[in-house]
Amino acid sequence: MATITNPPSNICFLLLLLLAHFNLGKSQLQLNYYSKSCPKAEDIIKQQVTQLYQKHGNTAVSWVRNLFHDCVVQSCDASLLLETPRHGTLVSEQTSERSFGMRNFKYVNTIKAAVEEECPLTVSCADIVALSARDGISLLGGPSIEMKTGRRDSKESYAKEVKDLIPNHNDSISVVLSRFQAIGIDIEATVALLGAHSVGRVHCVNLVHRLYPTVDTTLDPAHAEYLKRRCPTPNPDPKAVLYSRNDLKTPMIIDNNYYKNILQHKGLLTVDEELATDSRTAPYVQKMANDNEYFHQQFSRAIQLLSETNPLTGDQGEIRKDCRYLNVH
């Protein structure tokens, strides 16, 4: 019988180095990171998020989506917020088709300006993305989340990588699970993260393939008729604001109605339907549909995992003065 030998010590050492590198940034994040350098930072961000929510309720939903789109692409580093400058070669991630329908970026500048007035060049845009998501979730009736801070801002955009890293609206559940798994988010947490669809909406351009030329047989017939009224043509104008909300009962509350809907075959996207029927995810969907507190617990855990994905820390990156541009601009 062949004997199994221990791997050479140098290989073990390399593995340890890789693990240390993967966990280094995450370990350097901490609660109340700005307690000494800018003690009022989190209060200022919360105040700004609340004021914006009172004026424009949909901003809270935007902050949640910003966190997802920022952290899934390379790292939670505010690369999403970089705009294409008038002069230069940087291309904004916002130009990707995956960013279709995203908005309210201008209000991030409102938050950043208030923080800069208190503590210039101290609080990163990446942390503003994370903290505004935390506060937005709370305003939307979601769980209170302990959010670590200490992120730094990216010095580059990853526009070319966005399409390969952010799942398409109608990718299969297998693709979605693999994308999340690649950044350390398990199946249960992925099911919980998709619960953010509870406060989302889907533009007609991304769902009409389930309605025309024939209705997807997995859709509830009555709901399909409703969707046809919302999206009356198979070729909607992508610039027109034609959409349907995922949750018609509590459209601005992060709750478990999303799971109840997809169990009734009223999901808007292919992944919604597959989430409720795939053997890997269906048990979690059922449990979350039955227990809103359990959903909130898992959603909170999932947001923490997502927000701590591969952050820039220490002397990496920079602290941008304007979230739209690099400091050298």
Could you tell me whether a side-chain N or O of [X] sits under 3.5 Å from a main-chain N or O of [Y], the two making a donor and an acceptor?
| X | Y | answer |
| --- | --- | --- |
| Asn261 | Gly267 | no |
| Ser92 | Leu82 | yes |
| Glu93 | Tyr158 | yes |
| Ser300 | His296 | no |
| Ser138 | Arg134 | no |
| Arg151 | Asp127 | no |
| Glu318 | Asn327 | yes |
| Asp220 | Lys266 | no |

Salt-bridge test for [X] and [Y]: reply yes if a basic N is under 4.0 Å from a carboxylate O, no otherwise.
| X | Y | answer |
| --- | --- | --- |
| Lys112 | Glu117 | no |
| Asp322 | Arg324 | yes |
| Asp135 | Lys46 | no |
| Glu225 | Arg229 | no |

Subject >> Cation-pi check, Arg320 onto Tyr325 ring (under 6.0 Å, within 45° of axis) >> reply: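 No, a cation-pi geometry is absent between Arg320 and Tyr325.
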
Original post:
Counting only heavy atoms not in Gln181, do more than 12 fall under 6.0 Å of its CD?
Top reply: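 Check fails, neighbour count at 12 or below.
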
Original post:
Taking atom OH of Tyr33 as the centre, does the number of heavy atoms from other residues, nucleotides or ligands within less than 6.0 Å exceed 12?
Top reply: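 Not more than 12 within 6.0 Å, no.
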
Pairs under 3.5 angstrom only: tabulate donor-acceptor contacts from the side chains of residues 101-111 to other protein residues two or more places apart or in another chain.
residue : atom : partner : partner atom : Å
Asn104  : ND2  : Asn58   : OD1          : 3.2
Asn104  : ND2  : Ser62   : OG           : 2.8
Tyr107  : OH   : His56   : NE2          : 3.2

When you check the side-chain N and O atoms of [X] and [Y], is any donor under 3.5 Å from an acceptor?
| X | Y | value |
| --- | --- | --- |
| Asp255 | Ser198 | yes |
| Asp216 | Thr218 | yes |
| Tyr294 | Asn256 | no |
| Arg301 | Gln304 | no |

Original post:
Do Leu211 and Tyr226 share a hydrophobic cluster (ILVMFWY, side-chain heavy atoms under 4.5 Å, transitive)?
Top reply: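 Leu211 clusters together with Tyr226.
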
Original post:
Should the ring pair Phe299 and Phe295 be called parallel, tilted or perpendicular, given that the plane angle runs from 0 to 90° and is split at 30 and 60?
Top reply: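 Tilted, since the angle between the ring planes falls between 30° and 60°.
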
May I have the list of side-chain donor-acceptor pairs in residues 66-76 shorter than 3.5 Å, sequence neighbours left out?
residue : atom : partner : partner atom : Å
His69   : NE2  : Arg65   : NE           : 3.3
Asp70   : OD1  : Ala78   : N            : 3.1
Asp70   : OD1  : Ser79   : N            : 3.2
Asp70   : OD1  : Leu80   : N            : 3.4
Asp70   : OD2  : Asp77   : N            : 3.2
Asp70   : OD2  : Ala78   : N            : 2.8
Ser75   : OG   : Asn310  : O            : 2.9

**OP:** Among Leu275, Asn246, Leu269, find the residue that satisfies the side-chain contact (heavy atoms from CB on, under 4.5 Å) test when tested with Leu194.
**Re:**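 The passing option is Leu275.
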
**OP:** For Asp278, enumerate each residue passing the salt bridge (charged side-chain N to carboxylate O under 4.0 Å, His left out) test, keeping only those at least two apart in sequence or located in another chain.
**Re:**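 Here the qualifying residues are Arg280.
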
